[in-house]
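First the structure, in the form of structure tokens, and then the observations on it.
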Amino acid sequence: MDAFNAADFEVQARERLDEGAYGYFAGGAGDERTLRDNIEAYARRRLRPRVLVDVSGVTATTTVLGAEVSMPLLVAPVAFQRVAHPDGEPATARAAADAGTVMCLSTLATASAQEVADAAPGGARWFQLYCFSDRGVTEALVDQAVEGGYRAVVLTVDAPVLGRRERDLRTGFAIPEHMEVPSFSRAIGGRREATLQDMFKLLDQSLTWRDVEILAEISDLPVVVKGVITAEDARMAIDHGAGAIVVSNHGGRQLDGVPATLDALEDVIEAVDGRVEVYVDGGIRRGTDVAMAVALGARAALIGRPVIWALTVGGEEGVRRLLSLMRDEIELALALLGCPTPEALGPAHVTPPNRHR
Ligand SMILES: Cc1cc2nc3c(=O)[nH]c(=O)nc-3n(C[C@H](O)[C@H](O)[C@H](O)COP(=O)(O)O)c2cc1C
């Protein structure tokens, strides 16, 4: 496993995966403009370091939702991880726990919430929720999250219907019948080969802000609203009881043509005005990306595809290596920016848009 950064893992994973699986993990919606822009946005801005600051005790350690994490980088919810590696979500959970950060488990996981909790009992985990039309299924999922010791429900709100992912249409990517997707099996009362479109047909398209309030009432867990990219929706999220917000465009997989999340972040930060924590995902590939996102106001960033590439290449060990590389990169970025802690980062550490100095 000769990987020295997140990009190295993708090169190696691509060689191992078949076309359908690679396209599913790598792809985006429509012309993939937003997919590309998420990454390019980080290259459009520049960092502004301060020198002669004592960074001898630099640490990436911070907190999210009041709990300590080893770095401001969390593992994003990504579905069907056993398609990448037979050890799937339990392996990712163990690696995240060892790295001292949060793993967010997808509703469309190929392992149950309990199995993942048992794999890494000491780890911090959040549960990503898709609401099924059958409310019984949704409530059972939340109950399992509570029983499994998950510390937050992450409600994904940018996917009332599935984005148009043409790579999957071309390859006919489907989840084989032998691969268990516990939430789906429960919703259809059995198991069969299924495409992502088949699964999304079972989700509730009538969800509104009122459901955020209902969700906040059915358990004591904070509801993190994932998939907000406007100031208007950030305010709505807070008004309806969100415990935190993830600025996300689903990794460019839903509405193609929306802004890069880094570009959307500052508006959301301004609207939220410190009332709840704001996280961001999409296009994070380097420790310097994490530093930039935190400087612009994110409490932490989340990382999606690179975790899948690392899992594909090396299973649990691969994800552990990726997270360790990312943590080293974050600490290096902090030290070179003159910031002993993530909290020391601020907007003055990043150039304004369209100005490279
Ligand atoms: C293959 C794949 C599957 C995903 N599955 C889910 C999911 O089940 N639930 C969800 O909320 N987000 C899902 N996402 C979105 C991620 O949580 C995250 O927003 C995105 O991957 C971040 O962008 P990045 O991959 O550039 O880091 C998925 C993303 C990918 C690439």
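Remember, it's a predicted structure, so these values are computed and weren't measured experimentally. Just follow the structure's listing: the first ligand is 1, and inside any ligand the first atom is 1.
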Assess whether side-chain hydrogen bond (donor to acceptor under 3.5 Å, both in side chains) is satisfied between Thr34 and Asn249, documenting all intermediate values.
CA-CA 8 Å; Thr34 298; Asn249 53 33; 5.3 Å; no

Pair [X], [Y]: side-chain N/O donor-acceptor within cut-off below 3.5 Å:
{"X": "Glu277", "Y": "Tyr279", "value": "yes"}
{"X": "Arg48", "Y": "Thr351", "value": "no"}
{"X": "Thr61", "Y": "Glu68", "value": "no"}

Only heavy atoms of [X], strictly under 4.0 Å: list the atoms of ligand 1 that pass.
{"X": "Gly251", "result": "19 (O), 20 (C), 23 (O)"}
{"X": "Ser248", "result": "19 (O)"}
{"X": "Thr156", "result": "10 (C), 11 (O)"}
{"X": "Arg285", "result": "24 (P), 25 (O), 26 (O), 27 (O)"}
{"X": "Gly282", "result": "22 (C), 23 (O), 26 (O)"}
{"X": "Ala76", "result": "17 (O)"}

Among all protein heavy atoms, pick out the one at the shortest distance from [atom]; state its residue, atom name and that distance to 0.1 Å.
{"atom": "atom 8 (O) of ligand 1", "value": "Ser106 OG, 2.7 Å"}
{"atom": "atom 6 (C) of ligand 1", "value": "Pro77 O, 3.2 Å"}
{"atom": "atom 12 (N) of ligand 1", "value": "Lys226 NZ, 3.0 Å"}
{"atom": "atom 1 (C) of ligand 1", "value": "Arg253 NH2, 3.3 Å"}
{"atom": "atom 27 (O) of ligand 1", "value": "Gly304 N, 2.9 Å"}
{"atom": "atom 5 (N) of ligand 1", "value": "Ala79 N, 3.2 Å"}
{"atom": "atom 19 (O) of ligand 1", "value": "Asp281 OD2, 2.7 Å"}

So, does Gln254 use its side chain to make a donor-acceptor pair with the main chain of Val161 at under 3.5 Å?
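At least one qualifying donor-acceptor pair exists.
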
Output yes when a side-chain donor or acceptor of Arg253 lies under 3.5 Å from a complementary backbone atom of Tyr24, and no otherwise.
yes

Charged N-O contact under 4.0 Å between Glu177 and Arg191:
no

Whether Arg320 and Glu316 form a salt bridge (side-chain N of Lys/Arg under 4.0 Å from carboxylate O of Asp/Glu) is what I want to check.
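Yes.
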
Hey, looking at atom 3 (C) of ligand 1, which of Trp309, Phe80, Phe25, Tyr24 has the closest heavy atom?
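The residue whose heavy atom sits nearest atom 3 (C) of ligand 1 is Tyr24.
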
Let's go through Arg125 and Glu115 carefully: what are the C-alpha distance in whole Å and the side-chain angles of both, what is the deciding distance for salt bridge (Lys or Arg N to Asp or Glu O under 4.0 Å) to 0.1 Å, and is it a yes or a no?
CA-CA 12 Å; Arg125 48 192 173 274; Glu115 189 184 345; over 6 Å; no

Are Tyr130 and ligand 1 in contact, using a heavy-atom cut-off of under 4.0 Å?
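Yes, Tyr130 has a heavy atom closer than 4.0 Å to ligand 1.
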
In this structure, does ligand 1 have an atom that sits under 4.0 Å from one of the heavy atoms of Leu108?
no

